[in-house]
S.K.: 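Right, I'll just put the structure down here and ask away after.
The sequence lines fix the lettering, A, B, ..., with proteins before strands; numbering per chain opens at 1. Scope of the values below: all heavy atoms of this structure, side chains included, with no hydrogens, waters or symmetry mates.
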Amino acid sequence: MDSANSVYDPGQVEAKWQARWRERRTNEPDLDHTPRPFYNLMMFPYPSAEGLHVGNLFAFTGGDVFGRFKRLQGWNVFEPIGFDAFGIHSENFALKMGIHPAELIPRNIANFTRQLTRMGGMFAWEHVLSTTDPAYYKWTQWIFVQLFKRGLAYKKKGLVNWCPTDKTVLANEQVIAGACERCGSLVEQRVLEQWYFRITEYAARLLANLDDKSKMDWSETTAVAQRNWIGRSEGAEVRFAVAENPDVTIAVYTTRPDTLFGATFMVLAPEHPLVIALTAPDQRVAVDAYRAAAAAQDLVSRKVGDKEKTGVPLGAAAINPATGQPIPIWIADYVLMEYGTGAIMAVPAHDERDFAFATRFGLPIRRVVAGPGEAADTPVTDPFVDVDQGRMVNSGDFDGMVPLEAKRAITRWLELAGTGHGTTQYRLYDWCISRQRYWGPPIPIVYCESCGAVPVPEDQLPVLLPPLEDIRPDDSGISPLARDEQWYYVDCPECGKRARRETDVSDTFLDSAWYFLRYPSTDIDEHPFDAERTRRWLPVSSYIGGNEHAVLHLLYSRFVTMALHDAGFLAFEEPFRQFRAHGLIVKDGTKMSKSRGNVVVPDEYINRWGADTFRTYLMFLGPFQEGGDFRDAGISGPRRFLDKIWDLVSAATPGNVPAGVVTKWHQTKQRVTAELELLHYNTAIAALMELVNTVRDADCTDRAVVSELVQMTAPFAPHFAEECWERLGHSESVFDSHWPSFDAALTVESAVTVAVQVNGKTRGTVTVDRDATEAVVRAAAEADEAVRRHLASKTIRKVVYVPQRLVNFVVSD
RNA sequence: GCGAACGUGGCGGAAUUGGUAUACGCGCAGGACUUAGGAUCCUGUGGGGCAACCCGUCCGGGUUCGAGUCCCGGCGUUCGCACCA
């Protein structure tokens, strides 16, 4: 293989450099001393039995290209990887296979490790972690304890989402359109006692930081998704007195206090605590029946919109504080107990749902906003909802105002009258973290009859997951952990009396909400994250991952970081300085997934073409941040590109660079640098291909040009570049060289081609000196034959001249 | 229904502030070298026309000397969220 003319053999080259990187610890930065730390993070995978598919590889390659680029620019890049191996996904698969997850997961991790190594990722394997490792989940439990101590973890009995297939509770975020995100089963409502994290307390800060560019520079699509999820809305809480008993008031939340005069009835959620007391005797039977039906209903039919409205009157009334008139009180399942106050003032004239309800049950409709072309007495056929348009009507002193103005005025009036106040609501719910399953970190709490719920002391962590044989969940709502009596009973850490353990495990999303804090400190046992390492490496410099985690993982990670910041453990409150969402690789028009049966396994492609060609191909097939359709049709293109560079390396000699090549060379360096910074990998590769074409057309074999071509190709084809670099006579890794710099003066071409238009239509081009004057360009343009034809017998009215771009003759007959 | 993104050759996709539409790659056609080539190299490749030229970025309008790009109105695709008051 020392012949200069040898053929590029990816299998051999890749094996050689993977071994050498490991031996020389090429990808292991010195975490304690590096002067220019750059923390390059990508979302760690869940180690499934099927292994990595092309979609996963696309994401990891994109992250790796960025890390390698940064390293060539002189940063000390730390690019860790790990495994998110706890959770229902792993457990269900293990149950299906009849293999214990503790046995199955290490096998899968071994396979993932093989694949991730093979793709040539610049991973710092000495810092690999798995969330299932007691040395890791000890600290997951520690975080729970810290939140508990600060009152941010609490237990409450409440309505929860119960998945009848997975037999566990789900967070609201894990329920998609009323079905389990994982298995698709319809989710039921159950009343259970669960652990929650008080993320709602952070809603305002989580929202505000999204706009603080000094703390976080994120893809706008991701920020938008988080804003929507947090769901801030401004409105007012209004207290309505009950007509039959004015001492009792019912609070409602509305975003439209301006429409107060139009509230013609009130609706309570069926679960509202005042329902029983307010129900008139003759309505008792109907109300009880409705409440029972609502409770039995699954959340899908309860929550999915567009179904016909149902409800029953309580036989009671409330006084509208604006009009002083009594309005009937109803219960209906379209009002949700979890949001606002669980009660609404219904304004059928200006709300779609209230309108549908009023129409169905013949309730009064009172217009209080007249839209364009409407008057105070125009019948309501379609609720008018715009707050920027229209005028208030039938609203006493507020008539004539624009709704937006009336909003403020009526809120002020409510405050003066003492019947309400302006308030802010969030859609975000507290994070339910209890899971009645086996495969997760046990929640570190002990229940003692004398001391209550006691957190397990730090020096007794981790609470090890007992090696149960039968891990199957059941319908009881109690975790399988309760079956291990030896584990279940424990002495109270405070008084020493016999007590029992919490048997729920925590949500997998807690495991992944802090893993980036652990990576730099995996070799340190005393702390979850070493203070000095954390100071040097965090917050994360660049995080690249899928947008499917925009509201789950990314929001939880922000919350945990913020809580640890407030507890004094971290100096920063936002964990990811920069986040970029990559696109999705689809196959035949749909997302690649096992259930759809369209998963493409990368191994066979790597066998045939080599990892470097495959990486380059994946990055070339479309814009990284948009993804694309996977088809293997074009893979030979990137391979030919590498072959051509290989030949150039074999032929490289010191020599002169032709003038035309010099310009292209420097332009390419400028372009590729800018494109990589923006993750525009496909156009960066196109630019490199153009340079190769130019160099070959000019028969240029100059060593300097070829060397820099190799350096710029290195992020995409790392093993290939290392081999070329060695063949060019270097003994150090190409990644310890430098990123090519360009000379701006040399990117400028001396001659420019200017388009010549007549009435905006291009009729020809002229090539002129770069600094040619307008007169010279115009003369050259007019000399062009085709242009002359179009100017003949016309009058030139105007000439538009854009230097170095075009000259346009505006003519008429 | 609400929100976001998008619509360019046979295909994947390029196109600073509006300024030569189709870069780069695949595919295809012709040629060279070859016993052979699914290897490599060269040439061509948006549609129509012998040509001058005409038509072309989902459709219809508009602004402009000039629109893939900006504005208005449609149609279509994809992805989120879905009775949140």
S.K.: When rounded to the nearest Å, what value does the distance between C1' atoms of B:G46 and B:G10 take?
M.R.: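 So the two C1' atoms sit 10 Å from each other.
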
S.K.: Can you list the residues that meet the side-chain contact (heavy atoms from CB on, under 4.5 Å) rule with A:R788, with sequence neighbours excluded?
M.R.: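 Listed in chain order: A:E785.
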
S.K.: Hey, is the side chain of A:T762 poking within less than 4.0 Å of OP1 or OP2 on B:A21, counting only N and O atoms?
M.R.: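 Checking A:T762 against B:A21: at least one side-chain N or O falls below 4.0 Å of OP1 or OP2.
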
S.K.: Between atom CZ in A:R639 and atom P in B:G27, what is the gap in whole Å?
M.R.: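 After rounding, the reported distance stands at 14 Å.
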
S.K.: If you measure from the P atom in B:U69 to the same atom in B:U57, how many Å do you get, rounded?
M.R.: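 About 9 Å, rounded to a whole number of Å.
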
S.K.: Do the side-chain N or O atoms of A:N682 get closer than 4.0 angstrom to the phosphate oxygens (OP1, OP2) of B:C24?
M.R.: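 Negative; the distance criterion is not met.
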
S.K.: Mind checking who B:C53 pairs with, Watson-Crick or G-U wobble, both distances under 3.5 Å?
M.R.: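 Pairing partner: B:G48.
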
S.K.: Consider the side chain of A:N808, meaning its heavy atoms from C-beta on, and name the nucleotide among B:G25, B:C65, B:G3 that approaches it most closely.
M.R.: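 It is B:C65.
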
S.K.: Please classify the glycosidic conformation of B:G9 as syn (within 90° of 0) or anti (everything else).
M.R.: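 B:G9: syn glycosidic orientation.
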
S.K.: For A:G760 and A:P623, take the nucleotide of RNA chain B holding the closest heavy atom to each; which residue's nucleotide lies nearer the 5' end?
M.R.: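 Here A:P623 is the residue nearer the 5' end.
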
S.K.: What do you reckon, are the aromatic ring centroids of A:F614 and A:F58 less than 6.0 Å apart?
M.R.: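 A:F614 vs A:F58: aromatic centres not under 6.0 Å.
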
S.K.: Answer with base, sugar-phosphate or nothing: what part of the nucleic acid does A:E690 contact at a heavy-atom distance below 4.0 Å?
M.R.: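 Sugar-phosphate only.
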
S.K.: Just by protein heavy atoms under 4.0 Å, how would nucleotides 29-54 of chain B read 5' to 3' in B, S and -?
M.R.: -----------SS----------SSS

S.K.: Tell which nucleotide pairs with B:A82, taking only Watson-Crick or G-U wobble pairs whose two distances are both under 3.5 angstrom.
M.R.: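 When the pairing criteria are applied, nothing turns out to pair with B:A82, so the answer is none.
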
S.K.: Could you give the CZ-to-C1' distance, from A:F355 to B:G1, as a whole number of Å?
M.R.: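 Interatomic distance, CZ of A:F355 to C1' of B:G1: 16 Å.
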
S.K.: In this structure, how many angstroms lie between the C1' atom of B:G80 and the CZ atom of A:R427, rounded?
M.R.: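 Interatomic distance, CZ of A:R427 to C1' of B:G80: 11 Å.
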
S.K.: Output the distance between atom CD (A:Q425) and atom OG1 (A:T200), rounded to the nearest 0.5 Å.
M.R.: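 If we round to the nearest 0.5 Å, A:Q425:CD and A:T200:OG1 are 10.5 Å apart.
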
S.K.: Is it true that the NZ or CZ of A:R427 lies under 6.0 Å from the centre of A:W229's six-membered ring and within 45 degrees of the ring axis?
M.R.: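 Pair A:R427/A:W229 counts as cation-pi.
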
S.K.: May I ask you to establish whether A:K644 and A:W646 are in a cation-pi arrangement, using a distance under 6.0 Å from NZ or CZ to the six-membered ring centre and at most 45° from the ring axis?
M.R.: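 Here A:K644 fails the 6.0 Å and 45° test against A:W646.
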
S.K.: In Watson-Crick or G-U wobble terms, both distances under 3.5 Å, what is the partner of B:G18?
M.R.: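 For B:G18, the partner nucleotide comes out as none, under the 3.5 Å rule.
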
S.K.: Check every atom of B:A85, B:C83, B:G19 against the side chain of A:I344 and return the nucleotide holding the closest atom.
M.R.: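 Side chain of A:I344 sits closest to B:A85.
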
S.K.: Which nucleotide, if any, forms a Watson-Crick or G-U wobble pair with B:G30, using both distances under 3.5 Å?
M.R.: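 Answer to the pairing question: B:C42, which forms a Watson-Crick or G-U pair with B:G30.
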
S.K.: Provide the distance between the two P atoms, one in B:C53 and one in B:A4, to the nearest whole Å.
M.R.: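 So the two P atoms sit 47 Å from each other.
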
S.K.: Report yes if at least one side-chain N or O of A:N693 is closer than 4.0 Å to OP1 or OP2 of B:G25; otherwise report no.
M.R.: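 Checking B:G25 against A:N693, a side-chain N or O does come within under 4.0 Å of OP1 or OP2.
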
S.K.: Can you work out whether A:G637 or A:F809 has the more 5'-proximal nearest nucleotide on RNA chain B?
M.R.: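 Residue closer to the 5' terminus by nearest nucleotide: A:G637.
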
S.K.: With sugar-phosphate meaning primed atoms plus P, OP1 and OP2, does A:L806 contact a base, only sugar-phosphate, or nothing at under 4.0 Å between heavy atoms?
M.R.: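 Answer is base: heavy atoms of A:L806 come under 4.0 Å of a base.
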
S.K.: Using atom CG of A:D629 as one end and atom P of B:G12 as the other, report the distance to the nearest whole Å.
M.R.: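 The distance from CG of A:D629 to P of B:G12 comes to 8 Å, rounded to the nearest Å.
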
S.K.: Looking at A:K794, A:K798, A:R797, which one forms a side chain to side chain contact (heavy atoms under 4.5 Å, CB included) with A:S812?
M.R.: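 Answer after filtering A:K794, A:K798, A:R797: A:R797.
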
S.K.: I need the CZ-C1' distance between A:R671 and B:U16, as an integer number of Å.
M.R.: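 Interatomic distance, CZ of A:R671 to C1' of B:U16: 12 Å.
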
S.K.: Can you see whether A:Y334 has A:K309 sitting over its ring - NZ or CZ less than 6.0 Å from the centre and within 45° of the normal?
M.R.: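 Pair A:K309/A:Y334 counts as cation-pi.
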
S.K.: Rounded to the Å, how far apart are A:K798 NZ and B:U64 P?
M.R.: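 So the NZ-P distance, A:K798 to B:U64, works out to 10 Å.
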
S.K.: In whole Å, what separates the P atom of B:C59 from that of B:C79?
M.R.: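 After rounding to an integer number of Å, I get 24 Å for this pair.
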
S.K.: Can you tell me the distance, in whole Å, between the CD atom of A:E308 and the C1' atom of B:C83?
M.R.: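 The answer, rounded to whole Å, is 14 Å.
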
S.K.: Across all strands, who's sitting opposite B:G25 as a Watson-Crick or G-U wobble pair, both distances under 3.5 Å?
M.R.: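 B:C11 - that is the nucleotide pairing with B:G25, both distances being under 3.5 Å.
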
S.K.: With both distances under 3.5 angstrom, what nucleotide forms a Watson-Crick or G-U wobble pair with B:G76?
M.R.: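 Partner of B:G76: B:C6.
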
S.K.: Only one of A:F355, A:F265, A:W330 clears ring-ring contact (aromatic ring centres under 6.0 Å, His included) with A:F361; which?
M.R.: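 Among the candidates, only A:W330 passes.
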
S.K.: Salt-bridge test for A:E749 and A:R770: reply yes if a basic N is under 4.0 Å from a carboxylate O, no otherwise.
M.R.: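 Not counted as a salt bridge, because no side-chain N and carboxylate O are separated by less than 4.0 Å.
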
S.K.: Looking only at side-chain N and O atoms, does A:Y253 come under 4.0 Å of OP1 or OP2 in B:A85?
M.R.: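 Answer no for this pair, as no side-chain N or O of A:Y253 is under 4.0 Å from OP1 or OP2.
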
S.K.: Have a look at A:T683 and say if it touches a base, only the backbone sugar-phosphate, or nothing, with a 4.0 Å heavy-atom cut-off.
M.R.: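 Sugar-phosphate: the residue A:T683, judged by heavy atoms under 4.0 Å, touches backbone atoms but no base.
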
S.K.: I'd like the C1' distance from B:G13 over to B:C24, given in whole Å.
M.R.: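 Straight-line distance between the two C1' atoms is 8 Å.
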
S.K.: Give me the distance, rounded to whole Å, that separates B:G27 from B:C11 when you measure between the C1' atoms they each carry.
M.R.: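 Per the computed distance, 7 Å lies between those C1' atoms.
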
S.K.: Please report the distance separating the C1' of B:G76 from the corresponding atom of B:C70, rounded so that it comes out in whole Å.
M.R.: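 That atom pair is separated by 22 Å.
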
S.K.: Go through B:C65, B:G19, B:G25 for me and flag the one nearest to the A:P638 side chain.
M.R.: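 Given the options B:C65, B:G19, B:G25, the side chain of A:P638 is closest to B:G25.
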
S.K.: Provide the distance between the two P atoms, one in B:G56 and one in B:G48, to the nearest whole Å.
M.R.: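 Approximately 15 Å lies between the P atom of B:G56 and that of B:G48.
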
S.K.: Starting at atom CG of A:D351, determine the distance to atom C1' of B:C83, rounded to an integer number of angstrom.
M.R.: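 Rounded to the whole Å, the gap is 9 Å.
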
S.K.: So what's B:A36 paired with, Watson-Crick or G-U wobble, going by both distances under 3.5 Å?
M.R.: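 With both distances under 3.5 Å required, B:A36 matches none.
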
S.K.: Can you tell me the pairing partner of B:G68 across any strand shown, Watson-Crick or G-U wobble, with both distances under 3.5 angstrom?
M.R.: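 Checking every strand shown, B:G68 finds no partner, since no pair has both distances under 3.5 Å.
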
S.K.: Is it true that the side chains of A:D612 and A:Y617 contain a donor and an acceptor less than 3.5 Å apart?
M.R.: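 Absent: no donor and acceptor within the cut-off.
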
